[in-house]
Number of protein chains: 2
Amino acid sequence: MTTIPISPSAMGDPAGDLSECCGPTPGAPKLQSESATVLATKFKALGDANRLMLLATIASGESAEACVCDLTGPLNLGQPTVSHHLKILVDAGFLTREKRGTWSYYSVVPGALSALCADLCSESVLGDLMRTPDPAERNA
Amino acid sequence: MTTIPISPSAMGDPAGDLSECCGPTPGAPKLQSESATVLATKFKALGDANRLMLLATIASGESAEACVCDLTGPLNLGQPTVSHHLKILVDAGFLTREKRGTWSYYSVVPGALSALCADLCSESVLGDLMRTPDPAERNA
DNA sequence: CTTCTACATTGACATACGTCGATGTAGTAA
DNA sequence: TTACTACATCGACGTATGTCAATGTAGAAG
């Protein structure tokens, strides 16, 4: 690796007066990269229109469960593709799989999405993004 | 295109007794693909650890704004990469850009994330996934 | 046993994504 | 003007992602 980060606070600026760009100097990111990776994985699982429709379709059932053959038709996707997306949603914690006989029934994990929102609210500084229901509050 | 969807309800099953797989028959997905695409775009913008840390870093400033040179150092990313991620976050509606002099100051859009969660709650059937105690008292 | 069904997994492909170096574009300062 | 700074954009590269045809696996029915 020959990547040398720019490191603005370590550049020997010839004149100390014009380097006023960085004022408060946030420094190291408050959100640890480990937590960010976990969060990003969940968001990435939701970052596909077909997966969102899979979630919606499964949740639309009265028992909030569906097998694969229920999902290939409405989404107009092949069976391997649906299985792939379902696996991603299961790995992300949004769905659970239960085999009954020959069929695999997928059901939604009740608090998964709200927990994700709660994580977004509580994850250190990102919580500041969540308050202020209307954009007319923070004058400070 | 030679893709022929399996169409479970249209398969001529030789015996009508073992095709009990599809019970409630969710049918067409309740979440329209248009809304799903918009939602997926926003989730996709959040589906990267570096972009989440960019959001957190910007929000950590007392004025909730930062210029690019503030962000290349802490995230250990090149300046073009940071600009690219910031553009994605701006396009998704999570950040705004304001040019003051030579610098571009990025600030968070106050209600963007909570609006995304609200969309998740209200988007047709996906709201059933959210009915857990905490974060929103969304009355009808 | 064999055969069928429902689903998972594999392999392959095209596309999208993340990253960086190089270059372009404003703005500031002399 | 020239020179420098902060940032955006372009081009390229490697990798990840979405999709499907083909194949594998496990249960049910005969």
Side-chain angles (χ1 to χ4, degrees), chain A residues 1-6 8 11 13-15 17-23 37 40-41 43-54 66-73 75-92 97-106, chain B residues 1-6 8 11-23 37 40-41 43-54 66-73 75-92 97-106:
Chain A
M1 283 290 235
T2 60
T3 55
I4 300 177
I6 300 187
M11 301 181 68
D13 38 4
D17 54 346
L18 51 79
S19 67
E20 194 57 35
C21 159
C22 308
T37 301
T41 299
F43 281 123
K44 205 178 302 181
L46 298 178
D48 184 272
N50 285 329
R51 282 197 289 269
L52 288 179
M53 290 197 289
L54 279 175
C67 55
V68 179
C69 71
D70 286 330
L71 305 168
T72 52
L75 291 185
N76 199 16
L77 289 177
Q79 175 262 319
T81 303
V82 171
S83 287
H84 174 236
H85 286 316
L86 291 176
K87 177 177 173 55
I88 290 178
L89 289 171
V90 167
D91 291 344
R97 200 184 75 169
E98 179 192 1
K99 289 209 66 171
R100 289 206 299 268
T102 313
W103 297 282
S104 289
Y105 286 89
Y106 287 86
Chain B
M1 279 296 218
T2 60
T3 55
I4 300 176
I6 300 186
M11 302 183 67
D13 39 5
D17 54 346
L18 51 81
S19 68
E20 194 57 36
C21 159
C22 307
T37 301
T41 299
F43 281 124
K44 205 177 302 179
L46 298 178
D48 184 89
N50 285 328
R51 283 197 287 270
L52 288 179
M53 290 197 289
L54 279 175
C67 55
V68 179
C69 72
D70 286 330
L71 304 168
T72 53
L75 291 185
N76 200 16
L77 288 178
Q79 175 262 318
T81 303
V82 171
S83 285
H84 175 236
H85 286 315
L86 291 176
K87 177 177 172 55
I88 290 178
L89 289 172
V90 168
D91 291 345
R97 201 183 73 169
E98 179 192 2
K99 289 208 67 173
R100 288 206 300 268
T102 312
W103 298 281
S104 288
Y105 286 90
Y106 287 86

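Chain letters run A, B, ... following the sequence lines, proteins first, then strands; residues in each count from 1. None of these values were measured; they are calculated from a predicted model.
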Distance, rounded to the nearest Å, where [X] contributes [atom1] and [N] contributes [atom2]:
X: Asp70(B); N: dT5(D); atom1: CG; atom2: C1'; value: 15 Å
X: Tyr105(B); N: dA6(D); atom1: OH; atom2: P; value: 10 Å
X: Glu98(B); N: dA26(C); atom1: CD; atom2: C1'; value: 16 Å
X: Arg97(A); N: dG27(D); atom1: CZ; atom2: C1'; value: 13 Å
X: Lys87(A); N: dC20(D); atom1: NZ; atom2: P; value: 19 Å

### Message
If you only use heavy atoms from C-beta on, which nucleotide in dT5(D), dC7(D), dA6(C) is closest to the side chain of Val68(B)?
### Response
dC7(D)
### Message
Nearest to the side chain of Trp103(B), heavy atoms from C-beta on, is which of dT5(C), dC7(D), dG27(C)?
### Response
dC7(D)
### Task
Please report the shortest heavy-atom distance between Ala49(A) and Ala40(B), naming the atom on each side.
N-CB, 3.5 Å
### Query
If you look at every heavy atom in Gly47(A) and Lys44(B), which pair is closest and at what distance?
O-CE, 3.0 Å
### Query
Who are the side-chain contact (heavy atoms from CB on, under 4.5 Å) partners of Lys87(A), not counting sequence neighbours?
Asp91(A)
### For Asp48(A), all residues meeting side-chain contact (heavy atoms from CB on, under 4.5 Å), sequence neighbours excluded
Asn50(A), Arg51(A), His85(A)
### Query
Under 3.5 Å, is there an N or O donor on one side and an acceptor on the other linking the side chain of Gln79(A) and the base of dA6(C)?
no
Nearest-0.5 Å distance, [atom1] of residue [X] to [atom2] of residue [Y]:
X: Leu52(A); Y: Phe43(B); atom1: CG; atom2: CZ; result: 6.5 Å
X: Leu89(B); Y: Arg97(B); atom1: CG; atom2: CZ; result: 13.5 Å
X: Leu75(A); Y: Asp70(A); atom1: CG; atom2: CG; result: 11.0 Å

I want to check one thing: is the phosphate of [N], taken as OP1 and OP2, less than 4.0 Å away from some side-chain N or O of [X]?
X: Tyr106(B); N: dA6(D); result: no
X: Ser83(A); N: dA8(C); result: yes
X: Arg100(B); N: dG27(C); result: no
X: Thr102(A); N: dT5(C); result: no

Under 3.5 Å, N/O pairs linking protein and nucleotides 11-15 of chain C:
none

### Message
Test side chain to side chain contact (heavy atoms under 4.5 Å, CB included) on Leu71(A) and Leu86(A); report intermediate values, then the result.
### Response
CA-CA 10 Å; Leu71(A) 305 168; Leu86(A) 291 176; 4.0 Å; yes
Under 3.5 Å, N/O pairs linking protein and nucleotides 17-19 of chain D:
| unit_1 | atom_1 | unit_2 | atom_2 | d |
| --- | --- | --- | --- | --- |
| dG18(D) | OP1 | Arg51(A) | NH1 | 3.3 |
| dG18(D) | OP1 | Arg51(A) | NH2 | 2.7 |
| dG18(D) | OP2 | Arg51(A) | NH1 | 3.3 |
| dT19(D) | OP1 | Asn50(A) | ND2 | 2.6 |
| dT19(D) | OP2 | His85(A) | NE2 | 2.2 |

#### Entry: Residues that Ser83(B) engages under side chain to side chain donor-acceptor pair (under 3.5 Å), provided they are two or more places apart
Gln79(B)
